[in-house]
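Encoded as structure tokens, the structure appears first; notes follow it.
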Amino acid sequence: MRKLILELLRSNGLEPVSGEKISEQLGVSRTAIWKHIQALKDEGYQIESVQKRGYILREAPNRLYPQEINSHLETKWLGRSVCYEDCVGSTNNVAKSIANQGCENGLLVVAEEQGAGKGRLSRGWISPHAKGIWFSVVLKPPFLPQEASKCTLLAAVAVVKAVNKIQGVNAAIKWPNDILLNGRKLVGILTEMNAEFGHINYVVIGTGINTHGEPEDYPEDVRDIAISVADVATEPFTRVELLADILKNMEELYELACEQGFAPVLEEWRKYSCTLGQEVKVIAPDMTYYGTAIDIDEEGLLIVKKTDGELEKVVAGDVSIRPAAAQNNAYA
Ligand code: BTN
């Protein structure tokens with residue numbers, strides 16, 4: 001009901017919609033409408049009541065409410081079903097537990113805050129309230145389990161394309177799936193999979209985007225390493241519009257991969273990569289070596305030409321890649 005009231009108000013722009021018209025269109029009493037309007041105001045919607053003329057929606061709250069996402073969404077199936085929480089431990093964990101009970105392809109789990117956000121290599125992910133977009137999607141791809149890691153590359157492309165549409169933002173992908181801006185971490189992606197031999201039951205792609213973080217939101221050791229979209233954007237943007245744009249890109253790339261395989265996605269990935277052509281230090285559990293990142297192969301593995309000229313393929317998950325000259329740090 002509230003979603004329908006918001007749709008009516010939105011479609012009328014700055015012209016008031018009378019309580020009578022809303023109650024006629026939705027088939028409920030004017031008192032019921034008045035109660036819903038109060039509830040929407042409690043959720044943070046700025047709704048003006050103009051005497052004898054009706055209601056105007058002045059401003060939507062800065063929240064990733066399902067009805068807000070829905071009103072910006074241009075996808076066919078991705079994000080059409082949403083689980084929204086104000087605060088959770090980890091959206092990836094919520095997504096996995098819903099998926100374990102059975103859910104459709106494309107479920108979106110989004111939270112304003114994560115108390116125990118998870119990063120790669122068993123690290124944490126700082127997710128302050130309404131200062132970023134912390135979300136997970138459940139996909140049920142027809143790919144083989146060994147191809148699941150390419151979903152992460154796909155997600156990275158979807159995100160970088162969307163953030164770079166905001167004026168002033170010029171982010172790039174650090175292999176395999178970090179998105180950096182001015183050399184600092186803007187986005188992290190953590191993909192988790194549930195599979196059987198030869199069959200993926202589901203993949204959860206969890207993405208964390210720092211949009212409005214401020215230094216005091218981060219512990220000291222992360223402060224100089226993290227960056228937010230708002231630190232560089234030269235035009236206003238909203239989290240909800242950015243999320244809707246990412247989901248649209250993700251759906252398009254996913255359908256492309258289903259139809260044509262991953263080659264076109266990898267081609268896009270190469271365009272946004274800041275790793276290719278770089279001198280890198282590869283820190284694997286059993287060895288550390290230096291070389292130049294020259295390409296990714298059709299599996300998404302990084303091809304590094306070592307200083308002795310030998311080619312090495314690097315598997316994500318096992319290693320840290322750092323610019324050859326960089327210091328160690330926990331977030332890179
Ligand atoms: C990384 O280490 O770079 C990956 C970070 C992934 C963070 C996101 S935030 C939404 C989702 N839920 C989690 O617990 N983690 C991912």
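Positions are given from 1, in the same order as the sequence printed here. Quick note: numbers below take in every heavy atom, side chains included, and nothing from hydrogens, waters or symmetry partners. For ligands, and for the atoms within them, numbers begin at 1 and follow the listed sequence.
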Please classify the [X] to ligand 1 contact at 4.0 Å (heavy-atom distances, strictly less than): side chain, backbone, both or neither.
X	answer
Asp178	side chain
Thr207	backbone
Arg123	neither

- prompt: Short question: side chain of Thr275, backbone of Trp175 - any donor-acceptor pair under 3.5 Å?
  reply: yes
field: Check: Trp134 N/O within less than 3.5 Å of ligand 1 N/O
entry: no
Nearest-contact summary for [atom] - protein heavy atom, Å:
atom	answer
atom 3 (O) of ligand 1	Lys185 NZ, 2.6 Å
atom 5 (C) of ligand 1	Trp125 CE3, 3.4 Å
atom 9 (S) of ligand 1	Gln114 NE2, 3.2 Å
atom 11 (C) of ligand 1	Thr91 OG1, 3.3 Å

task: Would you mind running through ligand 1 and noting each atom that sits below 4.0 Å from a heavy atom of Gly117?
output: 14 (O)
- request: Verify the ring-centre separation between Tyr254 and Trp77: is it less than 6.0 angstrom?
  value: yes
message: Against Glu112, only a single residue in His129, Arg239, Lys131 fulfils side-chain hydrogen bond (donor to acceptor under 3.5 Å, both in side chains); can you say which?
response: Arg239
- request: For residues Ile47 and Leu57, report the shortest heavy-atom separation together with the two atoms involved.
  value: CG1-CD1, 4.0 Å
- request: For residues Lys248 and Glu252, determine if any side-chain heavy atom of one lies less than 4.5 Å from a side-chain heavy atom of the other.
  value: yes
query: Should Ile173 and Asn177 count as side-chain neighbours, where that means a heavy-atom distance under 4.5 Å?
result: no
